[in-house]
Amino acid sequence: MSAAGEGVTILPEHECWDLLKSVPIGRLVTSVDNRPEIFPVNFAVQRRTILFRTAEGTKLTSTAINNHVVFEADDHGASEGWSVIVKGVARSLRTDEELAEAGRAQLLPWTAPAKTHYVRVLPEMVTGRRFRFDVPGRGEPG
């Protein structure tokens, strides 16, 4: 880990992946009609990629039209938190081999309608930060 400032630590990539594996929900950021859109998704980490399922609709269409996406997940406790950002390229999985591999992740949809499409985010950049909330001298909220 390297320091970024008081109370903030830059995380190495391997730790970012470990943290991503520890939470079930993240946010996918895409562009729809030249405007940013953000979608909560349940996901799995598979071979250092982000895998999620989706139904037909805006999320699937936007990742096909503009496949450069950002994915973010985070978590926190009473004294610290973390955030990991993955910038990459989204690909809909189509071949039998790709779908079989995705199925082994046992990623179950949380909501209806049926989410029959798998999308994989292939990372180009992975960054993460850990935040300590008990930093001395940090001002109290006003």
Side-chain angles (χ1 to χ4, degrees), residues 1-139 141:
M1 288 193 256
S2 62
E6 196 167 328
V8 179
T9 304
I10 304 297
L11 301 174
E13 187 172 330
H14 71 88
E15 190 171 345
C16 291
W17 287 110
D18 289 343
L19 289 168
L20 286 170
K21 289 177 193 174
S22 74
V23 294
I25 299 233
R27 287 160 291 284
L28 178 75
V29 182
T30 67
S31 180
V32 177
D33 294 329
N34 293 318
R35 293 179 172 261
E37 290 286 339
I38 189 164
F39 302 97
V41 294
N42 65 306
F43 73 99
V45 172
Q46 191 178 53
R47 292 185 299 104
R48 288 196 172 200
T49 66
I50 302 296
L51 180 67
F52 66 92
R53 293 174 71 165
T54 189
E56 296 282 336
T58 305
K59 194 181 328 164
L60 183 63
T61 302
S62 68
T63 58
I65 292 171
N66 179 9
N67 64 349
H68 291 277
V69 299
V70 176
F71 180 84
E72 190 271 346
D74 54 40
D75 199 8
H76 72 281
S79 62
E80 70 175 29
W82 59 266
S83 172
V84 172
I85 295 174
V86 178
K87 295 179 181 178
V89 176
R91 283 189 60 251
S92 290
L93 305 185
R94 299 193 193 306
T95 70
D96 290 342
E97 184 177 282
E98 289 174 326
L99 294 170
E101 180 184 24
R104 287 191 289 277
Q106 298 183 10
L107 179 60
L108 302 175
W110 285 11
T111 61
K115 301 196 182 299
T116 58
H117 299 277
Y118 283 99
V119 176
R120 186 179 303 280
V121 177
L122 305 170
E124 295 177 332
M125 180 184 298
V126 178
T127 58
R129 289 171 177 70
R130 185 176 303 280
F131 307 96
R132 243 184 34 244
F133 301 145
D134 59 351
V135 176
R138 191 177 86 178

Trainee: Determine whether K59 and V41 satisfy the following criterion, side chain to side chain contact (heavy atoms under 4.5 Å, CB included), listing intermediate values before the conclusion.
Mentor: CA-CA 10 Å; K59 194 181 328 164; V41 294; 3.7 Å; yes
Trainee: Please determine, by modelled atom types, if Q46 and R104 share a side-chain donor-acceptor pair under 3.5 angstrom.
Mentor: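 Their side chains do not contain a donor-acceptor pair, so the 3.5 Å distance test is not met.
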Trainee: So V119 and L28, do their side chains get closer than 4.5 Å, heavy atoms only?
Mentor: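 Contact flag for L28/V119 side chains = no.
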Trainee: Over all heavy atoms of both residues, which pair between A55 and H117 is shortest? Give the atoms and the distance, please.
Mentor: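 Looking at all heavy atoms of both residues, the shortest contact is C-CD2, 4.1 Å.
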Trainee: List for me each residue that meets ring-ring contact (aromatic ring centres under 6.0 Å, His included) alongside F43, sequence neighbours excluded, and say none if there are none.
Mentor: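 With sequence neighbours excluded, F43 shows a ring-ring contact (aromatic ring centres under 6.0 Å, His included) to F71, given in chain and number order.
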Trainee: Testing the basics here: between A102 and L93, what is the closest heavy-atom pair and its distance to 0.1 Å?
Mentor: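 For A102 and L93, the tightest heavy-atom pair comes out as CB-CD1, 3.7 Å.
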Trainee: Show the nearest heavy-atom pair for residues F52 and V121, with the distance to one decimal.
Mentor: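 Scanning both residues, the minimum pair turns out to be CE2-CG2, 4.1 Å.
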Trainee: Are the side chains of N66 and T30 in contact, using a 4.5 Å heavy-atom criterion?
Mentor: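 Answer no - side chains too far apart.
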Trainee: Would a 4.5 Å heavy-atom cut-off, applied to side chains only, mark N67 and R91 as touching?
Mentor: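 A side-chain contact is absent here, since even the closest heavy-atom pair is not under 4.5 Å.
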Trainee: Do V69 and T63 have side-chain heavy atoms sitting under 4.5 Å apart?
Mentor: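 A side-chain contact under 4.5 Å exists here.
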Trainee: Kindly indicate whether the side chain of L19, heavy atoms from C-beta on, has any atom under 4.5 Å from the side chain of D75.
Mentor: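 No, every pair of side-chain atoms sits at 4.5 Å or beyond.
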Trainee: Should R27 and E72 count as an ion pair when the cut-off is N to O under 4.0 Å?
Mentor: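 So R27 pairs with E72 through a salt bridge.
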Trainee: Counting neighbours of CD on E97 that are heavy atoms of other residues, nucleotides or ligands and sit closer than 6.0 Å, is the number greater than 12?
Mentor: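 Counting neighbours around CD of E97, 12 or fewer heavy atoms of other residues, nucleotides or ligands fall under 6.0 Å, so no.
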Trainee: For residues S31 and S62, report the shortest heavy-atom separation together with the two atoms involved.
Mentor: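 Answer, listing the atom of S31 first, then S62: O-CB, 3.7 Å.
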Trainee: Quick one: are R47 and E101 in side-chain contact, heavy atoms under 4.5 Å?
Mentor: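 R47 vs E101: side chains touch.
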Trainee: Do T127 and C16 touch side chain to side chain, with heavy atoms closer than 4.5 Å?
Mentor: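 They are not in contact (no side-chain heavy atoms under 4.5 Å apart), so the answer is no.
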Trainee: Salt bridge or not between E15 and R130? Use side-chain N to carboxylate O under 4.0 Å.
Mentor: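 Result for this pair is yes, salt bridge flagged.
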Trainee: Ignoring hydrogens, what is the shortest heavy-atom contact between W82 and V23? Give both atom names and the distance.
Mentor: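 Smallest interatomic distance, heavy atoms only, reads CZ2-CG1, 3.7 Å.
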Trainee: For a quick test of reading the model, state the closest non-hydrogen atom pair linking L107 to A44 and the distance between them.
Mentor: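 Looking at all heavy atoms of both residues, the shortest contact is CD1-N, 4.0 Å.
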